[in-house]
Student: 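The structure follows.
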Amino acid sequence: MGSSSPYQPNLHSSRRRHLPSNAPTEARGRAEPAASRADATTMGQKRAVLVGINYPGTDGELKGCLNDVARMRRCLVDRFGFDGAGIRVLADADPSTPPPTGANIRLELERLVRDARPGDTLFFHYSGHGLQLPAETGEDDDTGYDECIVPCDLNLIKDQDFTELVAKVPDGCLFTMVSDSCHSGGLIDKTKEQIGNSTKQSKNNQHRGGDTKPPSASGTCTGTSLLRIIRGGFESLGAHLPCHGHHKQSTQNGGKEPDAKTEAEPSTIASVAIANRSLPLPMFIGMLRDKTGRHDVGVGSIRTTLFHHFGHDASPKVKRFVKVMVGRLRHDGKLGDEEVEQPHAFRAALEQDAHSVEEVYAGPAAAARAGLPRNGVLVSGCQTDETSADATTPDGVSYGALSNAIQAVLAGRKRGAAVTNRELVVRARELLSKQGYTQQPGLYCSDEHAKLPFIC
């Protein structure tokens with residue numbers, strides 16, 4: 001692919017200057033003389049978090065994610081003027097970096113936003129699996145799916161988590177996110193869709209127009225009582241509920257992920273091995289069973305299993321889900337106060353600010369609780385119903401299709417020549433289409449931010 005072909009990075013040597021986690025303020029230059037501080041405030045700091053996860057040794061193993069991150073790190077330094085000390089890298093096959101667990105990724109992102117000041121440039125790149133998690137409320141919930149990224153320990157980070165994070169970005173500061181993963185078009189809810197044909201948007205229009213409802217994410221659970229659906233999940237938390245009949249855990253039979261080989265024009269990428277960066281739900285459930293040692297995990301108990309295993313480190317939305325479900329069971333007299341108040345069982349959930357089942361719905365229905373993420377830009381690898389490609393050339397060089405396209409577009413411009421967010425995504429779409437990929441990258445941001453240069 002000419003200039004767009006990725007290099008093989010030296011992950012260790014490229015990451016020795018990372019910002020120490022125990023000294024972020026010193027590395028940002030807060031102790032500089034007053035004149036330097038004033039100049040830095042005017043110019044703003046440039047900081048980034050880069051995450052690459054290949055899931056080695058698992059059924060969901062990928063090849064190109066660490067290469068994506070190494071290339072992006074070099075691009076940030078060489079093209080965009082980032083200081084290497086301001087770039088945090090988390091990679092699962094590089095022992096010199098923190099492991100990209102759900103807790104570690106959240107910690108780095110929270111630090112990135114918490115320390116932000118007006119004028120700062122914030123950037124987050126993710127290469128890894130994406131997942132669509134179906135609804136598990138037990139109600140007639142047709143709100144769709146939670147779009148998630150999949151950390152190395154399977155402690156999911158959800159679309160609403162990103163929405164709430166970006167809502168905290170201060171005015172005068174911009175957070176740009178590139179997610180080279182499947183189903184990534186919905187990762188920041190409530191942002192305007194500039195480029196793309198969002199599945200969520202189509203579903204909302206259909207629902208308002210009285211057309212066919214979107215497929216229920218609850219699978220065979222639709223219409224079944226709340227208690228029966230989540231019984232297995234709460235028993236996994238140590239809450240022994242009175243039995244009112246046997247409930248068989250459901251599995252998702254519909255909405256299968258595409259085959260591991262992505263459709264492509266044989267004349268363009270026939271020699272490139274293509275896998276997708278979507279983790280099919282049955283595969284995720286199998287990996288979660290292996291991770292937790294619980295072999296009864298299925299649709300209906302995924303969120304409660306995540307809460308039981310990760311506790312305080314679980315996604316805030318997972319914890320809110322458990323709190324609301326506990327409240328419903330207490331209201332119905334199916335869960336006693338002594339069970340709820342037992343040490344550590346539900347404490348992390350009960351501390352959450354959530355009161356209604358609507359707040360824990362899948363899809364965009366719960367996004368109203370978050371502020372408006374007006375200072376964020378999302379460049380997605382594909383639409384919510386699509387997969388993103390993980391490619392490997394005959395000589396063993398691997399990369400994500402979107403990441404490679406971004407590098408190719410930037411390489412086509414002289415250093416210092418800006419490429420707007422809109423232009424980047426349009427040109428990446430054109431390039432991927434020409435190469436035979438079917439995924440359609442998206443752009444989600446305000447009209448103003450669509451016209452701004454990519455990153456800075």
Side-chain angles (χ1 to χ4, degrees), residues 14-52 69 72-73 75-77 79-91 96-126 149 151 155 157-158 160-179 187-188 191 312-313 315-316 370-379 421 445-446 449 452-456:
S14 67
R15 293 174 184 166
R16 289 175 182 163
R17 295 180 294 159
H18 288 167
L19 181 65
S21 60
N22 62 350
T25 56
E26 289 84 349
R28 283 178 53 118
R30 299 288 174 82
E32 294 177 355
S36 298
R37 289 201 305 270
D39 183 63
T41 302
T42 302
M43 299 300 294
Q45 302 291 324
K46 297 178 180 180
R47 296 182 297 125
V49 173
L50 312 179
V51 176
V69 163
M72 182 56 75
R73 185 186 187 282
C75 179
L76 291 177
V77 173
R79 183 181 185 92
F80 294 103
F82 279 64
D83 187 327
I87 303 174
R88 291 286 285 172
V89 176
L90 293 81
S96 71
T97 74
T101 62
N104 283 344
I105 295 172
R106 286 190 190 90
L107 177 65
E108 295 298 343
L109 289 175
E110 288 167 2
R111 179 183 293 134
L112 186 71
V113 171
R114 182 191 66 220
D115 294 341
R117 301 292 183 268
D120 285 358
T121 296
L122 310 180
F123 180 69
F124 173 55
H125 178 104
Y126 171 76
I149 66 169
N155 186 6
I157 300 178
K158 299 188 176 187
Q160 190 175 343
D161 299 335
F162 284 113
T163 302
E164 294 175 1
L165 175 79
V166 176
K168 298 175 184 176
V169 175
D171 290 339
C173 179
L174 189 61
F175 178 101
T176 300
M177 172 177 172
V178 171
S179 187
L187 281 177
I188 304 180
T191 50
H312 280 280
D313 289 334
S315 162
L372 187 66
R374 60 180 178 271
N375 296 318
V377 174
L378 168 65
V379 176
N421 289 310
C445 62
S446 68
H449 292 151
L452 291 181
F454 175 60
I455 301 182
C456 61

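Every value quoted in this text rests on a predicted model; they were computed, and no experiment measured them. Heavy atoms only: backbone and side chains are in, while hydrogens, waters and symmetry mates are out.
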Student: Under the rule for side chain to side chain donor-acceptor pair (under 3.5 Å), what residues qualify as partners of T101, not counting sequence neighbours?
Tutor: N104

Student: Shortest non-hydrogen contact from G52 to P100?
Tutor: O-CG, 4.3 Å

Student: Look at the side chain of R47 and the backbone N and O of L112, then say whether any donor-acceptor pair between them is shorter than 3.5 Å.
Tutor: yes

Student: Minimum heavy-atom separation for C445 and G376, please, with both atom names.
Tutor: CB-O, 3.6 Å

Student: Side chains of R88 and P98: closer than 4.5 Å at any heavy-atom pair?
Tutor: yes

Student: Would K46 and D120 satisfy side chain to side chain contact (heavy atoms under 4.5 Å, CB included), going step by step from the backbone distance to the final call?
Tutor: CA-CA 6 Å; K46 297 178 180 180; D120 285 358; over 6 Å; no

Student: What verdict does the side chain to side chain contact (heavy atoms under 4.5 Å, CB included) test give for Q45 and T121, after you've listed the backbone C-alpha separation in whole Å, the side-chain angles of each residue and the deciding distance to 0.1 Å?
Tutor: CA-CA 6 Å; Q45 302 291 324; T121 296; over 6 Å; no

Student: Which of these passes side-chain contact (heavy atoms from CB on, under 4.5 Å) with L50: V178, T97, V69?
Tutor: V69

Student: To the nearest 0.5 Å, what is the distance between OG1 (T176) and CG (N421)?
Tutor: 6.0 Å

Student: Atom CZ of F123 and atom CD1 of I87: how far apart are they, to the nearest 0.5 Å?
Tutor: 9.5 Å

Student: Could you label the plane-to-plane angle of the F80 and F454 rings as parallel, tilted or perpendicular, counting under 30° as parallel and over 60° as perpendicular?
Tutor: perpendicular

Student: Just verifying a value: how many Å separate M72 CE and I455 CD1, rounded to the nearest 0.5 Å?
Tutor: 5.5 Å

Student: Got V379 and M177 here, is their nearest side-chain heavy-atom distance under 4.5 Å?
Tutor: no

Student: Would D171 and N375 satisfy side chain to side chain donor-acceptor pair (under 3.5 Å), going step by step from the backbone distance to the final call?
Tutor: CA-CA 7 Å; D171 290 339; N375 296 318; 3.0 Å; yes

Student: For S315 versus N155, what's the shortest heavy-atom pair and its separation?
Tutor: N-OD1, 3.9 Å

Student: Which heavy atom of L122 sits nearest to which heavy atom of A116, and what is that distance?
Tutor: CD1-CB, 3.8 Å

Student: Supply the atom-to-atom distance C173 SG to K168 NZ, rounded to the nearest 0.5 angstrom.
Tutor: 14.5 Å

Student: Which is it for F124 and L109 under the side chain to side chain contact (heavy atoms under 4.5 Å, CB included) test, yes or no, and what are the steps along the way?
Tutor: CA-CA 8 Å; F124 173 55; L109 289 175; 3.6 Å; yes

Student: List the atom of D161, the atom of P316, and the distance in Å for their closest heavy-atom pair.
Tutor: OD1-CD, 3.5 Å

Student: Can V377 and F175 be said to form a side chain to side chain contact (heavy atoms under 4.5 Å, CB included), step by step?
Tutor: CA-CA 6 Å; V377 174; F175 178 101; over 6 Å; no

Student: Grab the two heavy atoms, one from I157 and one from G102, that are nearest each other, plus how far apart they are.
Tutor: CD1-O, 4.0 Å

Student: Distance-only, no hydrogens or angles: does the R106 side chain make a donor-acceptor pair with backbone N or O of D313 under 3.5 Å?
Tutor: yes

